[in-house]
Structures are given as structure tokens and as C-alpha cells.
Amino acid sequence: MLESVLLVSAAKGVIVAAAVIGVTGLLIGLLLGFAAKAFAVPVDEKEIAVREFLPGNNCGGCGYAGCDALAKAIAAGEAPVNACPVGGAAVADKIGGVMGVESGDSVKMVAFVKCAGTCDKAGIKANYYGIADCKRAAAIPGRGDKACSFGCLGFGSCVAACQFDAIHVENGIAVVNKEKCVACGKCIEECPNGLIELVPYEAKYAVSCSNKDKGPKVMAVCDTGCIGCGLCAKQCEAGAITVENNIAHIDQSKCTGCGKCAEKCPKKVIMAH
């Protein structure tokens, strides 16, 4: 008799416990459902659609923190549909379709290193034994081992920054593979000498020097530096070349690609791009 009473009591305890757990779970579920509705963040369907077309590199070349941030900006009308340098015209057209606007004509840009001071052209002033990093080398007296303090340090900080394998150090200077470059701008940020700029992919010629010293000083440190003679500017019928701070500059929007400047340059510092 006592055993039966104990069994009945135990069964009731189990049933009560199960009921309590079930009711508790139900209440928690209801509360979570209410909270989800009360604190739900509105989702912009356009933002989701735009994000699907972005490549997902999160390179920051668009000026935003990543693809998610860019998608949000495009959906809000704060960024153009062709803002992604990696996706190019194809992605811009798809995003334009989502936003209901024309993608517009976009000029493909690529990075260009304004230095031709290879190991056989640039002078050496010392042996550098520090960390192989351009920013670190630029922070110490002497700024690396090359005699030209304006030129490429050649330690590859730009190479490490490029996630597209589009830039490499060859013969002492950084060289861009324009077929792989997506114009994200990461290499530009990393170069302590400000040698890298974006130029149109279709650009015919560019000045491969950044030395702002006068001619004699340039010739003393590099065989191929711009001496600021101005002969290139005189040859340019389109008015695309000017000499500022002792160095030639090409306005790519005016350049016709005739090549007369390169032919006349005595230091051969204007090169086909």
C-alpha cells in the first residue's frame, strides 16, 4: 500500500514538473516573439538586393568600410551605383537595375607607380638592415638605402596591402599589373612617399618620377629622374603636360597619346603605360 502511494506521488511530481517546464517554455517563447516584433530592425529589400551583386572583397576602395556599408549607402541614395571599383561596369549595371537608374559611364582606373628608379638606375647611399617595410624604413634617418629620398623604397608594403596580387616589387621598385588591378587604393594608402596614383586604364603615357629636386640633384641620385626641363610640355600640342615643382605632370583628360613628349624626354622618364 505504501509503495503504491509513493509511486502515485512520484508520478504527480513528474507531471507537475513537466507542466511547469512546459508553461515556462511557452511563456519564454511568447516573450521572445513579442521582443522580436517590438525591436525588429526594418530591412531595406533594395539594400539586400544590392549587397548580393557586390563582390564581397571588403577592400574599402569605394570609400566605405566594406560591401555591407556600401550596399546600405547605395540603397539610401548616398553613393552612386558604380561606386564599387572591383565590380566595374558589369556590377554597376546590375545594381543600377535594382535602383532603377542608369549606371553611367565609368572610366576604369588602375594604380600607377611614379618611379622608374630600378636597381640599375637609382644610386645607393647606404646598406639598410632594418625591417623590410616601407613605412618603417621611411621613419628612420636616411629613409632606406636609395640615394633618392622621393623614390620607391622597394620593401613591398604596397604588395602586402594588395589582396588582388596586382603589384609586385621588381628590380627594386613596385610594378603594377594593370590587368589585375581593381583600383581599390590600398597600395596608395600604404606608400609613405606617395608614389602611387590612379590613372585611366586606357592612359597611353605617364611620368615615372616623383623627385621634386632641381635637375642637377636629380641626376646625382638617379639616371632616369625627371629634371624639369619642360621639353615635354613644349612638344605637347594638346596642352596636357605642365611642369610643377620641377617635375612633369600629365593631365590624362587632355592627353591624346601622340607620344611626342616621350620621344623628346632626354631622361626617358615618360613611359608608355
Can you get from [X] to [Y] by hopping between Ile, Leu, Val, Met, Phe, Trp and Tyr side chains that sit under 4.5 Å apart?
| X | Y | result |
| --- | --- | --- |
| V86 | F53 | no |
| V107 | Y201 | no |
| V101 | I48 | no |
| I227 | F150 | no |
| V207 | V243 | no |

[X] (side chain) donor-acceptor with [Y] (main chain) under 3.5 angstrom:
| X | Y | result |
| --- | --- | --- |
| K212 | N246 | no |
| S157 | C134 | yes |
| K186 | C59 | yes |
| N193 | G151 | yes |
| K72 | E47 | no |
| N177 | E179 | yes |
| S210 | K114 | yes |
| K146 | G172 | yes |
| N58 | C67 | yes |
| K260 | C232 | no |

Within a reach of under 6.0 Å around [atom1] of [X], are more than 12 heavy atoms found that belong to other residues, nucleotides or ligands?
| X | atom1 | value |
| --- | --- | --- |
| K214 | NZ | no |
| K204 | NZ | no |
| E237 | CD | no |
| K264 | NZ | no |
| K234 | NZ | no |
| Q163 | CD | yes |

Is there side-chain contact between [X] and [Y], with heavy atoms separated by less than 4.5 Å?
| X | Y | result |
| --- | --- | --- |
| L54 | D68 | no |
| K267 | M219 | yes |
| V221 | N211 | yes |
| V113 | I167 | yes |
| I270 | I250 | yes |

If you look at every heavy atom in [X] and [Y], which pair is closest and at what distance?
| X | Y | result |
| --- | --- | --- |
| G144 | Y128 | CA-CD1, 4.2 Å |
| G87 | P55 | N-CG, 4.4 Å |
| A111 | C181 | N-SG, 3.2 Å |
| V98 | A49 | CG1-CB, 3.8 Å |
| P192 | L153 | CG-CD1, 3.8 Å |
| M99 | K46 | SD-CD, 4.1 Å |

Nearest-0.5 Å distance, [atom1] of residue [X] to [atom2] of residue [Y]:
| X | Y | atom1 | atom2 | value |
| --- | --- | --- | --- | --- |
| F112 | I196 | CZ | CD1 | 10.5 Å |
| E202 | C255 | CD | SG | 12.0 Å |
| S149 | K217 | OG | NZ | 9.5 Å |

Side chain to side chain contact (heavy atoms under 4.5 Å, CB included) partner of T118, the single match among N171, T224, V175: N171

